[in-house]
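The structure under discussion appears below in the form of structure tokens.
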Amino acid sequence: PSDFVHLLRYLTYRRRLGEVEVRATEGEMLGFTLGHGSLVRGYSNIADPDHPHAGMHFAVVAPRFSVEAAVDTLLHPAVIAARLAGSPFVAARGLRFGASLAVDPQAPVQILNAPDGSRAVDGAFNLQARSTPLSLFNADLEYTFDGGSRGRLTPYADLAGSPYGLGAHLGLLGRLSLGGRGELGAQ
């Protein structure tokens with residue numbers, strides 16, 4: 001069935017409504033990152049060439065808020081992700097908060113053994129595993145120091161977690177203007 005829903009490599013729709021941009025993509029996901037990438041970074045849904053996946057990504061981006069959601073495949077999703085971010089304070093325009101959630105409805109937690117003690121595989125030689133739903137969450141904070149035509153600097157902090165533990169991620173995004181010769185970016 002995944003072959004039939006993967007008739008097109010991808011289909012994209014974009015529309016600008018004033019300062020708000022609406023984007024929707026169906027099909028292949030190449031290098032999908034959610035937020036700063038603490039939960040989902042560089043994800044691709046086409047790693048298995050025998051079973052093409054038709055995923056969906058939807059985003060609404062405005063100057064003071066953004067909302068996005070994605071699913072890696074419509075038939076049997078392995079990644080369902082969503083993010084909400086915003087700048088609630090007019091006086092502190094560079095301050096931005098975000099929250100993300102990613103769910104794997106069938107996360108493998110233990111590889112199964114065959115009766116002879118070897119690893120259990122199906123007819124296509126795929127390892128068999130016991131699975132359970134897994135939820136991951138993330139809250140983040142960033143502040144952009146805007147240097148106008150010189151560039152900008154954005155330090156950020158993420159706190160990510162799951163039922164198995166918590167983790168922190170600190171980072172720095174930077175853009176330096178090279179005048180009429182372009183722009184240099186770093187993370």
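Residue numbers start at 1 and run along the sequence shown.
Between T33 and G42, the closest heavy-atom pair is OG1-N, 3.0 Å. A pairwise comparison of heavy atoms in L74 and P77 identifies O-CD, 4.3 Å as the closest pair. Nearest heavy atoms, A102 versus L39: N-CD1, 4.1 Å. Here the closest non-hydrogen pair linking G161 and L166 is CA-CD2, 3.8 Å. Minimum heavy-atom separation, L170 to A157: CD2-CB, 3.5 Å. Nearest heavy-atom pair across L134 and A107 is CB-CB, 3.7 Å.
Atom-to-atom distance recorded for E68:CD and S100:OG is 7.5 Å, nearest 0.5 angstrom. Atom OG in S38 sits 11.0 Å away from atom CG in L136 (nearest 0.5 Å). We find the OH-NE2 distance between Y43 and H57 to be 13.5 Å, quoted to the nearest 0.5 Å. The CZ atom of R130 lies 12.0 Å from the CD1 atom of I111; values are rounded to the nearest 0.5 Å. Within the model, atoms CZ of R16 and CZ of R23 stand 9.0 Å from one another, a figure rounded to the nearest 0.5 Å. E142 contributes atom CD, which lies 10.5 Å from atom CZ of F97 (distance to the nearest 0.5 angstrom).
Between Y143 and the options L153, L95, T154, a side-chain contact (heavy atoms from CB on, under 4.5 Å) holds for only L95.
For the pair N113 and R119, the minimum side-chain heavy-atom distance is below 4.5 Å. Side-chain contact between H169 and Y156 is present, with heavy atoms from C-beta onward closer than 4.5 Å. Between F58 and V67, every side-chain heavy-atom pair lies at or beyond the 4.5 Å cut-off. Counting heavy atoms from C-beta outward, R96 and S87 have side chains that approach closer than 4.5 Å.
No donor-acceptor distance shorter than 3.5 angstrom exists from the side chain of R64 to the backbone of G86, with no hydrogens or angles considered. Looking only at distances, a side-chain donor or acceptor of N45 sits under 3.5 Å from a matching main-chain atom of M29. For D72 (side chain) and V79 (main-chain N/O), a donor-acceptor pair under 3.5 Å exists by modelled atom type. A distance-only check finds a donor-acceptor pair linking the side chain of R41 to the backbone of H36 [under 3.5 Å].
Hydrophobic cluster membership differs between I80 and V40, with clusters built from Ile, Leu, Val, Met, Phe, Trp and Tyr side chains linked at under 4.5 angstrom. Linking ILVMFWY side-chain heavy atoms closer than 4.5 Å, directly or via other members, places F32 and Y13 in two distinct hydrophobic clusters. Hydrophobic cluster membership differs between F125 and L112, with clusters built from Ile, Leu, Val, Met, Phe, Trp and Tyr side chains linked at under 4.5 angstrom. By the criterion of side-chain heavy atoms lying less than 4.5 angstrom apart, applied directly or through intervening Ile, Leu, Val, Met, Phe, Trp or Tyr residues, L141 is grouped together with F89 in one hydrophobic cluster. Placement of L34 and L159 in two distinct hydrophobic clusters is found when ILVMFWY residues are connected by side-chain heavy-atom separations under 4.5 Å, directly or transitively.
There is no side-chain donor-acceptor pair under 3.5 Å between T144 and R175. The closest side-chain donor-acceptor pair between H76 and Q106, if any, does not fall under 3.5 angstrom.
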